[in-house]
Enquirer: 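Got a structure for you, written out below as structure tokens; questions coming shortly.
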Amino acid sequence: MISTEVLSGETLPPQEAAACGENPDLGRNKVDVKDLDFFYGDFQALKKINFSLARQEVSALIGPSGCGKSTFIRILNRMNDLIPSCRVRGSVLLDGEDIYGDMDVTELRTRVGMVFQKPNPFNMSIFDNVAYGKRMQGLRSRRKLEELVEKSLTRAALWGEVKDRLKKPALSLSGGQQQRLCIARSIAMEPEIILMDEPTSALDPIATGKIEELIGELKMDYSIILVTHAMHQAARVSGKTAFFLLGELIEYNDTKTLFTNPEDKRTEDYISGRFG
Amino acid sequence: MAINRKGADIFFKHLFRVMSLTSVLALASILIFVFIQGAGPFIFSTASGIRIVPERMREITVNGNVYRNHTTFIDIPPESDRILVSFSNPGISGSLEIAVNNAEKDPEKKLTFSKNENGEITYPRAYTYTISYPGDLPGVTSKIHILLPEKPGNFFYFITGLEWRPTYNKVYGILPMILGTIMVSFGAILLGLPLAILSGVFLAEFIPLKTASLIRSGIELLAGIPSVVYGFFGLMVIVPWVKNTFHAPSGNGLLAAAMVLGVMILPTIITITEASLRAFPDSIREASLSLGASKMQTAWAVALPHAKSGVIAAVILGISRAVGETMAVILVAGNSPQLIRGLTDSIRTLTATIALEMGYAEGRHNEMLFSIGVVLFVLILALNSLILRYTRSDREEAKAPLTVKRKTEEK
């Protein structure tokens with residue numbers, strides 16, 4: 001078993017690494033996707049996707065339902081491996097390393113965290129939920145776990161609300177709190193990238209506001225890819241926005257440019273509400 | 001045709017009320033009947049006084065009353081201290097004069113035969129005297145049975161007694177059988193449960209759906225095999241194996257019974273475990289995987305705890321089957337009502353006792369077998385409610401949200 005010290009060293013948040021001035025990769029892209037094709041059986045869900053994500057950047061993916069946004073981000077942590085009969089062609093590089101190559105899937109998933117559409121906490125206590133990932137990596141020290149849980153919950157802006165009832169079941173939290181717990185759970189793994197698959201679609205406007213605020217804070221430390229249906233959300237939180245349509249990446253640009261001065265006619269139609 | 005909907009609604013409402021009330025009452029009365037019947041031998045004596053049963057007697061006179069071709073009980077009033085019996089059959093006649101000592105407690109000394117003509121007292125049991133008169137033809141014997149009444153049984157001894165001698169000494173202690181049932185079932189769960197849960201996890205989590213359904217249909221086939229076949233298999237394969245491996249005088253015993261039962265409970269637990277794991281939502285499985293947990297860790301740490309209530313239901317079914325199983329156990333357990341000292345010792349279960357002895361039991365013995373059935377019923381009820389209570393308290397914890405919220409609001 002790999003010791004956690006080594007792992008946490010490897011997964012040092014980019015901000016700290018940059019502060020040390022030791023990271024030669026700084027300036028290079030965190031994620032590079034080149035000519036990516038993806039198939040469910042015979043159906044081609046993604047066509048020739050080229051995409052890149054810089055460090056400490058929030059990218060929003062927008063587009064109508066079924067256009068392949070979710071499929072795309074699930075490629076980045078290989079969640080699609082679970083579906084039988086799916087195929088990937090092209091290359092996906094994380095820090096220049098091919099994630100479909102020699103990389104261990106479980107290691108990839110600790111580096112690329114994910115927050116899902118519906119809050120899906122485990123049926124355990126709040127503490128156990130946050131500590132789950134590190135425990136599965138073999139961290140047993142009670143003290144370290146407590147530190148980790150406090151740090152992660154604080155980062156996810158949930159600590160104040162739950163610090164007195166860490167032993168209570170996570171399912172007793174409200175929907176918005178559950179979603180922040182899920183974010184805390186992925187932060188606890190000290191990932192480099194956090195993938196968010198419509199994290200606010202099941203939440204009310206107030207909870208949504210809190211999550212958006214949180215994303216704004218998290219982008220200081222992590223690269224975030226956010227799938228969203230709400231265009232104003234993309235406009236509010238993201239630095240860059242990608243527009244997907246029918247499995248193609250139509251346009252990928254600075255959010256401001258994309259919303260005010262789109263290059264492609266189809267993007268303009270979509271954001272002005274002509275379809276989708 | 002227009003249907004009067006309102007009328008029909010009212011009709012069905014009353015119909016359902018009446019039916020549900022009837023069924024509840026029926027169930028309750030059955031339960032009450034069963035418990036009263038089971039409690040009977042501990043409350044009532046077998047008869048008010050001594051009873052005489054003539055066998056192949058054309059004409060018999062008891063204390064001056066003449067009975068012709070009588071085949072059932074002749075009751076003697078309880079306070080009488082002298083019984084005069086005489087009979088005359090073609091070829092043989094005889095007479096008996098019996099003094100009854102009503103104050104005597106020991107059944108062996110209660111009767112004194114002051115006059116016994118031609119008769120031969122055979123089968124002197126504690127509570128039964130049989131006087132035989134050999135007739136003309138060999139094998140055709142006239143008999144007089146004298147049955148002493150048995151006092152109400154001691155329920156405490158029934159539960160805690162170590163001796164089961166229902167025919168001769170009328171001693172009814174079923175503790176060895178209760179312990180036997182518990183040990184056999186516990187052994188079966190111990191051997192079968194880990195295997196079954198692992199198989200269930202394997203089927204649900206690690207192999208493709210098509211292969212899994214193929215294997216599952218095979219396992220379901222196992223559930224349909226008659227238990228006597230399992231018993232026969234145990235007798236032919238497991239019993240010799242136990243005998244050779246442990247150098248026991250006989251392989252029939254606790255270990256063989258637990259192994260056979262362990263195999264028999266597999267199909268139930270495997271299928272239910274697999275089904276409840278399949279009901280485990282993919283979204284939570286994905287959450288675990290996305291945190292870098294392996295498939296195995298996901299199955300153990302998240303999926304199995306989530307499916308816990310299903311697994312516990314499966315365990316309850318398995319225990320019920322193990323406790324209630326009769327035929328397979330009779331074949332391999334050895335059936336000695338004793339406290340065991342080793343794993344290979346012969347053991348007897350409650351169900352085996354009922355099945356083995358119902359054929360020849362009479363009188364008090366018969367009633368005691370019924371009481372054993374009631375004890376079995378209570379035992380299964382107790383085991384199941386124990387497990388259910390454990391799961392329910394667990395489930396209530398998960399349902400806590402409302403109370404938790406209310407508390408925080410009060411603050």
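First the proteins, then the strands, lettered A, B, ... as listed; each starts at 1.
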Enquirer: On a heavy-atom basis, which atom in His306(B) and which in Asn123(A) lie closest, and how many Å separate them?
Expert: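 Closest approach of His306(B) to Asn123(A), heavy atoms only: CD2-CB, 4.4 Å.
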Enquirer: Sub-4.5 Å heavy-atom contacts with chain B: which residues of residues 70-84 of chain A show up?
Expert: Arg74(A), Asn77(A), Met79(A), Leu82(A)
Enquirer: Please report the shortest heavy-atom distance between Thr298(B) and Tyr132(A), naming the atom on each side.
Expert: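 Heavy atoms of Thr298(B) and Tyr132(A) come nearest at CA-OH, 4.0 Å.
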Enquirer: Using heavy atoms and a sub-4.5 Å threshold, report which of residues 186-206 of chain B line up against chain A, by residue number.
Expert: none
Enquirer: How about CE on Met296(B), more than 12 heavy atoms from neighbouring residues, nucleotides or ligands closer than 6.0 Å, or not?
Expert: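 No, because the 6.0 Å sphere around CE of Met296(B) holds 12 heavy atoms or fewer from other groups.
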Enquirer: Where does Val112(A) contact chain B at under 4.5 Å (heavy atoms): side chain, backbone, both or neither?
Expert: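 Interface part for Val112(A): backbone (N, CA, C, O).
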Enquirer: Where along residues 278-290 of chain B does a heavy atom come under 4.5 Å of chain A, listed by residue number?
Expert: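 Under the 4.5 Å heavy-atom cut-off, Ser283(B), Ile284(B), Glu286(B), Ala287(B), Ser288(B), Leu289(B), Ser290(B) qualify.
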Enquirer: Looking at Lys210(B), I want to see if its NZ is surrounded by more than 12 non-hydrogen atoms of other residues, nucleotides or ligands under 6.0 Å.
Expert: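 No, because the 6.0 Å sphere around NZ of Lys210(B) holds 12 heavy atoms or fewer from other groups.
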Enquirer: Near Lys118(A) NZ, under 6.0 Å, is it more than 12 heavy atoms from other residues, nucleotides or ligands?
Expert: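 At most 12 heavy atoms, drawn from other residues, nucleotides or ligands, come within 6.0 Å of this atom.
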Enquirer: Considering only heavy atoms, give the residues of residues 315-326 of chain B separated from chain A by less than 4.5 Å, sorted numerically, with 'none' for an empty result.
Expert: none
Enquirer: Using a 6.0 Å cut-off, check whether atom CG of Leu21(B) has over 12 heavy atoms from anything other than its own residue.
Expert: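 More than 12 within 6.0 Å, yes.
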Enquirer: Got more than 12 heavy atoms from elsewhere within 6.0 Å of CG, Asp42(A)?
Expert: no
Enquirer: Do Met124(A) and Val302(B) touch side chain to side chain, with heavy atoms closer than 4.5 Å?
Expert: yes
Enquirer: Quick one: closest heavy-atom pair of Ala301(B) and Met136(A), and the distance?
Expert: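 Taking Ala301(B) first and Met136(A) second, the nearest heavy atoms are CB-CE, 3.5 Å.
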